[in-house]
Amino acid sequence: MSRTRLPVAALSLASVSALLLAGCSQSSNASQNTGDSAASASAATGKKPAPFSTGTVKVALVRQSGAGDYFEQWGNGAKAQAKALGIDLTVYDAQADNAKQATDLSSAINSGAQAIIVDHGFPSTIQPEIDKAVKKGIKVVAYDVDQTNKSVVSTKQDDASMAQAVLDVMAKDLGKNAKVGYVNVAGYAALDKRNTVWKSTVDANGWKQQFKVGKVTDSTATDNVPLVSAALTQHSDVTGVFAPYDELAKGTVLAVQNKKLQGKVKVFGADVSNADIQNMTAKDSPWAATAGTDPSAVGAAVVRTAALELAGRLNKSSVEFPAVAITQDFLKKNKIENMDQLRKALPALNLSKVSTADWIPNVAH
């Protein structure tokens with residue numbers, strides 16, 4: 001999201017503050033194949049600062065990942081960047097269990113980690129452990145977490161820019177005074193931020209919101225199909241639906257197709273991944289546009305941010321990753337079938353200049 005990849009991503013989608021869906025068990029540096037080409041790292045030319053000049057640096061990645069390949073790509077980018085930096089990275093994933101994420105954080109604190117990256121999570125369950133880590137002198141970098149400790153570095157997708165990018169396309173496609181539908185869930189930081197932009201866009205265009213449905217589960221796409229189908233049964237006159245997390249968008253697409261409305265109803269999503277690209281470019285797909293960041297590049301950039309913070313060279317308390325709009329027409333015109341091809345066609349997805357230095361080997365995606 002953040003995947004919203006909750007999350008664009010993100011997610012995400014992705015980003016989301018906590019899309020507590022499917023995840024991985026605790027692991028180490030091993031990456032999984034997502035269909036992307038392997039990331040390579042550009043050579044570092046500068047002298048390593050401490051602690052990177054004095055031996056192995058231990059970092060823990062404490063995740064609350066979500067459904068879909070956005071989170072897998074994000075994790076692979078983080079692992080690739082950590083490997084390039086010579087970081088001993090231990091990865092935990094709470095698998096939708098809030099209590100487990102708090103326990104994972106406690107384990108990370110006691111593991112000897114010099115820095116902890118917290119990837120998503122509900123603040124009420126993880127804030128106490130974040131505070132303990134900071135008090136112990138551990139550097140903490142949070143991704144898409146609405147936490148309150150001022151010593152923590154905040155990183156996130158720019159969810160307002162993500163929503164605005166795709167809603168600008170939606171406004172152009174639908175025009176003024178259109179009847180629209182909305183698929184979203186309250187209570188997730190990224191989705192709440194996207195919701196704020198949605199409300200202002202509805203008002204600015206005089207749109208008439210006919211329905212709002214949505215839920216986040218361990219099978220978000222599948223479980224939203226009946227909700228959206230029922231809404232479309234009552235409001236088949238809508239011309240567009242906004243679903244600002246790619247798993248919500250996938251469920252919306254299936255519902256539109258089940259109701260045989262793909263020629264009348266356009267879907268506008270958020271986040272981007274290999275699966276999303278395939279969905280958008282499929283024959284008769286109603287998914288007209290999305291907006292997102294490259295999840296692999298974001299994961300890598302978050303690790304670089306943690307490295308700079310460890311070296312005392314970040315000099316800022318927050319880092320945001322801007323999103324770009326991606327339309328179905330653009331994908332089809334450029335014959336884009338996966339994230340590798342999208343990265344080449346859309347250089348704006350490249351975050352190689354974000355949180356970097358001459359001593360950091362920058363992972364290319």
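Sequential numbering from 1 along the given sequence is applied to the chain's residues.
Between the side chains of Asn362 and Ser352, not a single donor N or O lies within less than 3.5 Å of an accepting N or O. Under the 3.5 Å distance criterion, with hydrogens and angles disregarded, no donor-acceptor pair is assigned to the side chains of Ser229 and Lys259. Judged by distance alone, the side chains of Gln127 and Asp131 do bring a donor and an acceptor atom under 3.5 Å apart. For the residue pair Asp223/Thr217, the side-chain donor-acceptor check at 3.5 Å is satisfied.
For the atom pair Ile336 CD1 and Met280 CE, the distance stands at 10.0 Å (nearest 0.5 Å). Between the CG atom in Asn149 and the NZ atom in Lys132 there is a gap of 13.5 Å [rounded to 0.5 Å].
Legend: side-chain hydrogen bond (donor to acceptor under 3.5 Å, both in side chains) pairs involving residues 161-170, not counting sequence neighbours, sorted by first then second residue: Gln164-Asp168. Within the structure, every pair that satisfies the ring pair (Phe, Tyr, Trp, His ring centres under 6.0 Å) test and touches residues 342-362, not counting sequence neighbours, is listed here: Phe52-Trp359. Sequence neighbours left out, the pairs with a member in residues 305-319 that pass side-chain hydrogen bond (donor to acceptor under 3.5 Å, both in side chains) are Thr305-Ser355.
Lys199 pairs with exactly one of Asn195, Thr201, Thr196 by the side chain to side chain contact (heavy atoms under 4.5 Å, CB included) rule, that one being Asn195.
Counting non-hydrogen atoms of other residues, nucleotides and ligands closer than 6.0 Å to NZ of Lys212 gives a total above 12. Atom NZ of Lys344 has 12 or fewer heavy atoms from other residues, nucleotides or ligands within 6.0 Å.
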message: Checking Thr252 against Asn224 for the side chain to side chain contact (heavy atoms under 4.5 Å, CB included) test, could you report, in this order, the C-alpha distance in whole Å, the side-chain angles of both residues, the deciding distance, and whether it holds?
response: CA-CA 7 Å; Thr252 303; Asn224 276 276; 5.8 Å; no
- prompt: Going through the checks in order, is the salt bridge (Lys or Arg N to Asp or Glu O under 4.0 Å) test met by Asp237 and Lys264?
  reply: CA-CA 8 Å; Asp237 56 345; Lys264 297 174 57 179; over 6 Å; no
task: Give the intermediate values and the outcome of salt bridge (Lys or Arg N to Asp or Glu O under 4.0 Å) for residues Asp104 and Lys100.
output: CA-CA 6 Å; Asp104 286 346; Lys100 184 178 185 302; 3.1 Å; yes
- prompt: Can you check side chain to side chain donor-acceptor pair (under 3.5 Å) on Asn338 and Asn274, steps first, answer last?
  reply: CA-CA 5 Å; Asn338 54 51; Asn274 288 329; 5.7 Å; no
task: Decide salt bridge (Lys or Arg N to Asp or Glu O under 4.0 Å) for Arg194 and Asp159; before the verdict, give the C-alpha distance in whole Å, the side-chain angles of both, and the deciding distance to 0.1 Å.
output: CA-CA 6 Å; Arg194 298 173 196 184; Asp159 288 292; 2.7 Å; yes
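Side-chain atoms of Thr155 do not come within 3.5 Å of backbone N or O of Val319 as any donor-acceptor pair.
Taking the six-membered ring where the residue is Trp, Trp198 and Tyr182 present parallel rings, their angle staying beneath 30° rather than reaching 60°.
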